[in-house]
Amino acid sequence: MTAPFLQIRNIRKQYGDVVAVRDVELDIAKGEFMTFLGPSGSGKSTTLYILAGLQEPTSGDILLEGRTLLDTPSHKRNIGMVFQRYTLFPHLSVGENVAFPLRVRRKPKAEIDATVSRALKLVRLEGFADRMPAKMSGGQQQRVALARALAYDPPVLLMDEPLSALDKKLREEIQFEIKRIHQETGVTILYVTHDQEEALRLSDRIAVFSQGEIDQVGTGTELYAEPRTRFVAEFIGDSDFLKGRVERAGDGRADIRLGNGFMVSAVPTHGDAGPGRDVALMLRPERISLFRAEKPRSLAATVRDVTFLGNNTHVQAETETREQVAIRLPFGHESAAGLQSGNAVWLGFDPSSARAFC
Amino acid sequence: MTAPFLQIRNIRKQYGDVVAVRDVELDIAKGEFMTFLGPSGSGKSTTLYILAGLQEPTSGDILLEGRTLLDTPSHKRNIGMVFQRYTLFPHLSVGENVAFPLRVRRKPKAEIDATVSRALKLVRLEGFADRMPAKMSGGQQQRVALARALAYDPPVLLMDEPLSALDKKLREEIQFEIKRIHQETGVTILYVTHDQEEALRLSDRIAVFSQGEIDQVGTGTELYAEPRTRFVAEFIGDSDFLKGRVERAGDGRADIRLGNGFMVSAVPTHGDAGPGRDVALMLRPERISLFRAEKPRSLAATVRDVTFLGNNTHVQAETETREQVAIRLPFGHESAAGLQSGNAVWLGFDPSSARAFC
Amino acid sequence: MLLDFDRLGWWKWMLVSITALVTLFLLLPIIFIAALSFGSSQWLIFPPPGWTLRWYEDLFADPRWLQSAWVSAKVAGAVTILSVVLGLLASLSLTRGRFRGREALRALFITPMILPVVVLAVALYAFFLRIGLSGTFVGFVLAHLVLALPFSIISISNALEGFDKSIEDAAILCGASPWEARLRVTLPAISHGLFAAAVFSFLVSWDEVVVAIFMASPTLQTLPVKIWTTLRQDLTPVIAAASTLLVLLTVGLMLLSLLVRKALKR
Amino acid sequence: MLLDFDRLGWWKWMLVSITALVTLFLLLPIIFIAALSFGSSQWLIFPPPGWTLRWYEDLFADPRWLQSAWVSAKVAGAVTILSVVLGLLASLSLTRGRFRGREALRALFITPMILPVVVLAVALYAFFLRIGLSGTFVGFVLAHLVLALPFSIISISNALEGFDKSIEDAAILCGASPWEARLRVTLPAISHGLFAAAVFSFLVSWDEVVVAIFMASPTLQTLPVKIWTTLRQDLTPVIAAASTLLVLLTVGLMLLSLLVRKALKR
């Protein structure tokens, strides 16, 4: 088959005048772990719900292996889903919960029993089959929900912020389990989250949603190294922005003059970067060098705050144009020693590590 | 006055057989920002509630400027407190909330008005005086609670996880505000949290609580660089632990043999590190170097997982003795390029950056 | 929304049927009675041959009707005050106290809601005869108070449970003494619960008829009892007028209470 | 805990007073009646000169008492079934439907709880006379159904609101059709609400006396009505016996329902 496994074709969802999802277009390969990342209200969950059939798109189509899904009602789509909230059936035991989709499909009892114990083993909850959901922790409940969603071997598994109700430690533990289960089963996963770290940890590719649209799709490294919009740069990783103006442009690069006249040459640009345009120059806090003495080609600034954060030190500095720059120094870095608020410092950076957005 | 400003003297709190706080002893200087850091149930909140007079200690004493506080009922202690939950008076406007402690103290109206507007300005909520609490966001409510607690110039301000109900972004914003307010007012703050990053960001000193006791008190850098117990090492920053045995000891340092015979010499130790003792060797993930080719004095391991996390890359490796080691490489580090699960790697570290706990 | 009301004809049909049923057997009789109270026929002919206010004139001209309304108001008023005060104290103890038998005590206070009224009436009647409270105002108030207390305790307990104790603690740390904190912070914060308790207590007493019949004496009759006893003699349009006024008062009080509640909650 | 029950003598004293009051005017009369029902004196002398089961024998020997209990059970049974079914459908629409007038409809269904029973009884009586339902079993059931529905709708709506709709969605994605999901997942999950609705509906009808008196005919009398009419003639110990049995049945049913609820919630 030459067509992609799952195709989202121009999906749009409107409520009256409000556009929740704006012509989203995306292809997903078989076995891929694709994450929809974005702030709340960016349309990522709505897109997932449309895939699940729990909402209907205003226009557009969803194709699975080349056939449209929209004609099929939710309960016949054969798609697995894990919800943000705990959705175990409260009156059924863990085993009966996992057996539910198989019972509905009228599978023979022997097959059901075998599948249930295999699914519970997959999520490492063997021996919990007789436990009632109310007696389990949130993390265990979401693992059972995962087992239930995988019990009928769905071609696609949807996950709608399944870990958002859990605390950080448990979240990381279950992220690891999800990654393992993805590798073991090879199921295609569409995962919704607003947590960039979770997205980076889990995904093959990430689609960054903003205001109902996909801003950029790519691997975590791609999105971090080559953000195409300011929104993506802000959402993935930490970033500093300085105001500047294009002096000379061409070939996807531009020379940029900052507020106090400081020139940065040959910065890769995104957007229409004609001369004279105002741009935002993006720097990554950990790619900025900090010097205690003046250096050529570096930006003068004053330290406003120094915070030690375990494995690194955050320095907040203010440039001569009163713009705030965050710098991250690794633990034990010599220039962090004795640094304190009010110190004069000079900031250096490689223009090729910066990006300019119009 | 030679005595410290606030003294916690052997405070103990018992419920039947359960000891919630076990003989806690701590001196706090005037104007200090002291944080009680620990997991839930470690006794940090109970200690705070005893300071506030909302609970009574089983034994021990609290001295403020040399005089005991325990004889004074809560409402006469003149201590400010911000609670974990939102505690604005729901039937009073923001201005009336802030005025409440002054009304109770029967201050003249002109003074009340002046103080309220000054307090609201301090938390940057000028113009919100007539707003009802229910119409405000959680972050705003906690800022009003802060203004109310500071309105009567208390010598000590207690804060019991005031930001735990807020999301991460808002939390960081208000942490910054709290730090600023601490600097502007010079009030002595006792702050309870279970979030190490919050503690590092805010505090002058941190008291790490574990099972009702203070394990260690110090600045963030001290706790991170010189943890005195394994608990502190685990709680502040990330850490790896390898099992080992002391071969030779003396002078606070020991030579340690790891499981597969690998020797680490002159590791600073804590606890009673006599020869033959089993110890846990602690390494910080960012102080480990990773090599793709064998090197002398380095530990062979196999990569199990590589996760790109924006500004750095986490590598999970397994040693020959099947122990898990996490390594953190900064973004763009040459040895991260192309690294993947299954690769053989060699781990190097400076023994003086390691610590051994018995 | 899986259940889109307009899409599922079957649901709509069911809901329409239930609405029709309730309207038919609840609203229609009330409207019917209201219409009769304005009808000119003495024999309750429907539809009335003409319209008149005569029965209302008769009602207000008869001192016995006015007297019974006054008795109702006095009893209900006394019950309301006692019920809210006792309900508040009981709720504070039940919600905040930690003592054995708390659950049993709560159950005891709620029991009057579920006991058969007729049995309670018979029992109170026999008991009051014996202890000499029969036919007295105090007896009347105490009997209705027992019926009203459960509503008061439930309303106030719910409000107290929804009120975060930390807010009171905050007031105390602000310098208010424990009693000052309760008066200036806790009471206003649960005012909607106190108000609901008052409204329910008033209505329970105001509308109650079974116990009232047993408690009543010829000189101490509440409005519902007066309607009842008049009805025993004769089904006159005056009863329809009295019933209509009673419904208007009740519904008006409920609407007022809804408005006040909204205002209290802002 | 600022309010430590043992430390605050004043609170304790208040609570003791309220408990005493409720016990005195609620429990004591009931115990008094129960004692009289076993007393050997025909004239309800207290304390009874001796003990006997004679009045219970009289009660069970009289076919009219048994018949009225049977009528009560039939009416209450029919009301329960209808009330739960209609309450479920109405609650589903009210909780999940999005349509105009939803709040007004909810208020209409709840109204019978707050209207004066005596007015409702008068109105239903006049109305039923006119439409020919007076004195019929159907009329009886419909009148009580209107009184029982609010309890049913409140219980089931609460249960539905506490039930996360996502669970039903999850069942549908698991392959269950929407109706299958409701039957196999939603209904069992709200079973405690359905059960409460059934118990309340039964008790409302079983214990109700005012409307019942108006609906009753000589051949169609419920137990409370029978107690009432017998009492009009004579205050005999048989009434005390019937009252005692009615209380035991009611309390027993409530206790049973508590146990079942706990079992359902596990």
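Residue numbering restarts at 1 for every chain, and letters A, B, ... go by the order of the sequence lines. Values below: all heavy atoms of this structure, side chains included; hydrogens, waters and symmetry mates excluded. Since this is a predicted model, take the numbers as computed values, not measurements.
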Novice: So what's closer than 4.5 Å to chain D heavy atoms on A:Leu158: side chain, backbone, both or neither?
Specialist: neither
Novice: Given a strict heavy-atom distance threshold of 4.5 Å, which part of D:Ala181 is in contact with chain A: side chain, backbone, both, or neither?
Specialist: neither
Novice: May I ask you to decide if the ring planes of A:Phe209 and A:Phe36 are parallel, tilted or perpendicular, using 30° and 60° as cut-offs?
Specialist: tilted
Novice: Check this for me, if you would: do A:Arg105 and A:Glu111 make a salt bridge, where the nitrogen-to-carboxylate-oxygen distance has to be below 4.0 angstrom?
Specialist: no
Novice: Name the residue from A:Ile189, A:Leu157, A:Thr188 that meets the side chain to side chain contact (heavy atoms under 4.5 Å, CB included) definition with A:His182.
Specialist: A:Ile189
Novice: Please classify the contact of A:Arg77 with chain D as side chain, backbone, both or neither, using a heavy-atom distance under 4.5 Å.
Specialist: neither
Novice: Nearest 0.5 Å, please: how far is OH in A:Tyr152 from SG in D:Cys174?
Specialist: 4.5 Å
